[in-house]
Colleague: 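Please read through the structure below; I'll follow up with questions.
The sequence lines fix the lettering, A, B, ..., with proteins before strands; numbering per chain opens at 1.
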Protein chains: 2
Amino acid sequence: MPRLVDHAERREQITDAARRVIGRAGLDAATFQAVAAEAGVSVRLVQYYFGNKDGLLAATHRAVVDASAARFGAGGAAPGTLPPPRDALRGVVAALLPLDAQRRADAVVLAAFHAAALTRDAAAREALLTAPRALVEVVAAQLDRARGAGTPGRGERDVETSRDAELFLATLAGLTQSVVAGHLEAEQALAVAERLLDHLFASQAGGPAPT
Amino acid sequence: MPRLVDHAERREQITDAARRVIGRAGLDAATFQAVAAEAGVSVRLVQYYFGNKDGLLAATHRAVVDASAARFGAGGAAPGTLPPPRDALRGVVAALLPLDAQRRADAVVLAAFHAAALTRDAAAREALLTAPRALVEVVAAQLDRARGAGTPGRGERDVETSRDAELFLATLAGLTQSVVAGHLEAEQALAVAERLLDHLFASQAGGPAPT
DNA sequence: AACTTGATGATATGTCCGTACCATAATGGT
DNA sequence: ACCATTATGGTACGGACATATCATCAAGTT
């Protein structure tokens, strides 16, 4: 066995470079040569580790998604304790909004991948939906808890609560977009999210306001 | 003068082809050859009318933005009448959400341009903000009307109302994203927006809910 | 010490794309 | 009838990029 090297570390070094390149100049700037130069290695090496360009991009995508998931897991899963629903949702907000430079950069990269996936095969588009679907369940469960419903079975949940969960996540996606585009500052986005929580916790399930 | 041709029509024929190509396969598939083939003209002709590739893309972008603005103008500006605020905001929802196939396709194209602009120079990124900034004013004005505030001057508006306006637009952006990604159907997105209107018209300005 | 094998470098190749250049058909004014 | 100008087609050139090929270095093993 000659010259053994930590493959995982090398791969991470390269996908990190790819993340920087994509965040700075977009997906189509992520050429083999640009990524290799950014990582300080040769083009051949990138090829060696990821084979295809698809391989490189897939690994980079997974890296940033995993980082996002790790942040979410770190913030949300306080072990043993059961935070009040509003705090739990505040945790979701804090985990998902791009509140610091690192997450902002990741959000740009994710947006690039997202846009690319829209014009891909149905399989790629389907992969975009797994995270939102899971999150809707998490959010709806918290809203159920807050509104005194127990843990309703599948399909038994109040329609308005489901809509509120979708509303919550769609708003977070929109706020992320606003922050990344530079239309809102992170604190403003946070304040808007807090305002949404005000609305959600003010009205009970099934009670629409009079027109 | 030889063989005069309607330039506007030819340009529209070509930008329409570009819109289809981008909507189907993404921005980087919008090559001269692909667009020319889709439009049924020669590559040279596309070059003749738009010179640069940047010219072609800029014209295409403007075409879809203009289409969007036209839809907004057509739906929103009922002349003379002054609809109740909630109906006015419903009009904004109906104008902005991708409720039919045409608008869905346009939304995909816009998302592609949006993602590309994120990793461009500051000027391109600034251009993304003009539409949202104007819309925030429109929405906030309706909320002021609904809440009995007159037409407050610049900066005098209630902070919560401003946040609600941002909330409204961010949610619409997020819902658009959800529909385009295939996570929500158009009717579901509409229902979620309606639910948000419930929340917005239930609470008055400055009245956060108790935690 | 030699050899095997994993890791890395340099470079060639074929393809696609943007753009420039050359050519020509059509048409309306003189 | 001719000519200038507009509109359009064909094609060539140069560059960038993904990928493949050849070559080399390093380090354990025997």
Colleague: Between E194(B) and R86(B), does at least one N-O distance fall below 4.0 Å, as a salt bridge requires?
Modeller: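 Yes.
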Colleague: Grab the N/O contacts between the protein and nucleotides 12-15 of chain D below 3.5 Å, and write none if there aren't any.
Modeller:
none

Colleague: Looking at V138(B), L197(B), L172(B), which hits side-chain contact (heavy atoms from CB on, under 4.5 Å) with L89(B)?
Modeller: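 Testing L89(B) for a side-chain contact (heavy atoms from CB on, under 4.5 Å) against V138(B), L197(B), L172(B) leaves exactly one candidate, L197(B).
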Colleague: Rounded to the nearest angstrom, tell me the gap between atom CZ in F50(B) and atom P in dG18(C).
Modeller: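 Value for this atom pair: 14 Å.
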Colleague: A side-chain contact here means heavy atoms from C-beta on lying under 4.5 Å apart; do V159(B) and R163(B) qualify?
Modeller: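 Side-chain contact under 4.5 Å: yes.
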Colleague: Between dA18(D), dA7(D), dG18(C), which nucleotide gets closest to the side-chain atoms of H7(B)?
Modeller: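 Of all the options, the side chain of H7(B) is nearest to dA7(D).
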Colleague: Output every pair passing ring pair (Phe, Tyr, Trp, His ring centres under 6.0 Å) with a member in residues 29-52 of chain A, not counting sequence neighbours, ordered by first then second residue.
Modeller: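 Those involving residues 29-52 of chain A are H7(A)-Y49(A).
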Colleague: Please report, rounded to the nearest Å, how far the P atom of dC17(C) is from the CG atom of L57(B).
Modeller: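 Distance, rounded to whole Å: 14 Å.
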Colleague: Rounded to the Å, how far apart are L56(B) CG and dG18(C) P?
Modeller: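 The answer, rounded to whole Å, is 9 Å.
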Colleague: Given atom NZ of K53(A) and atom C1' of dT15(C), what is their separation to the nearest angstrom?
Modeller: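 It is 14 Å, rounded to the nearest whole Å.
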Colleague: Regarding Y49(B), tell me which of base, sugar-phosphate or nothing describes its non-hydrogen contacts under 4.0 Å with the strands shown.
Modeller: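 Sugar-phosphate contact only.
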Colleague: Any side-chain N or O of N52(A) below 4.0 angstrom from OP1/OP2 of dA18(D)?
Modeller: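 It does not, given that no N or O in the side chain of N52(A) lies less than 4.0 Å from OP1 or OP2 of dA18(D).
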Colleague: How far apart are the C-alpha atoms of R103(B) and V179(B), what are their side-chain angles, what is the distance that settles it, and do they pass the side-chain contact (heavy atoms from CB on, under 4.5 Å) test?
Modeller: CA-CA 11 Å; R103(B) 271 180 286 177; V179(B) 170; over 6 Å; no
Colleague: Mind checking the NE2-CG spacing from H199(A) to L196(A)? Nearest 0.5 Å is all I need.
Modeller: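 Reported value, rounded in 0.5 Å steps: 7.0 Å.
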Colleague: Mind running a 4.0 Å heavy-atom check of residues 27-48 of chain A against DNA chain C and sending the residues that fall below it, in number order?
Modeller: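 Residues of residues 27-48 of chain A under 4.0 Å from DNA chain C: S42(A), R44(A), L45(A), Y48(A).
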Colleague: Step by step, would you call R24(A) with E38(A) a salt bridge (Lys or Arg N to Asp or Glu O under 4.0 Å)?
Modeller: CA-CA 11 Å; R24(A) 186 195 318 137; E38(A) 174 80 22; 2.8 Å; yes
Colleague: Using a cut-off of less than 4.0 Å, is there contact between a side-chain N or O of R10(A) and OP1 or OP2 of dT8(C)?
Modeller: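 Answer is yes, contact under 4.0 Å.
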Colleague: Where is the tightest heavy-atom contact between R11(A) and A59(A), given as atom of each residue plus distance?
Modeller: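 Closest heavy-atom pair between R11(A) and A59(A): NH2-CB, 4.1 Å.
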Colleague: Would you kindly say whether T171(B) and T171(A) are connected by a side-chain donor-acceptor distance under 3.5 Å?
Modeller: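 Short answer, yes.
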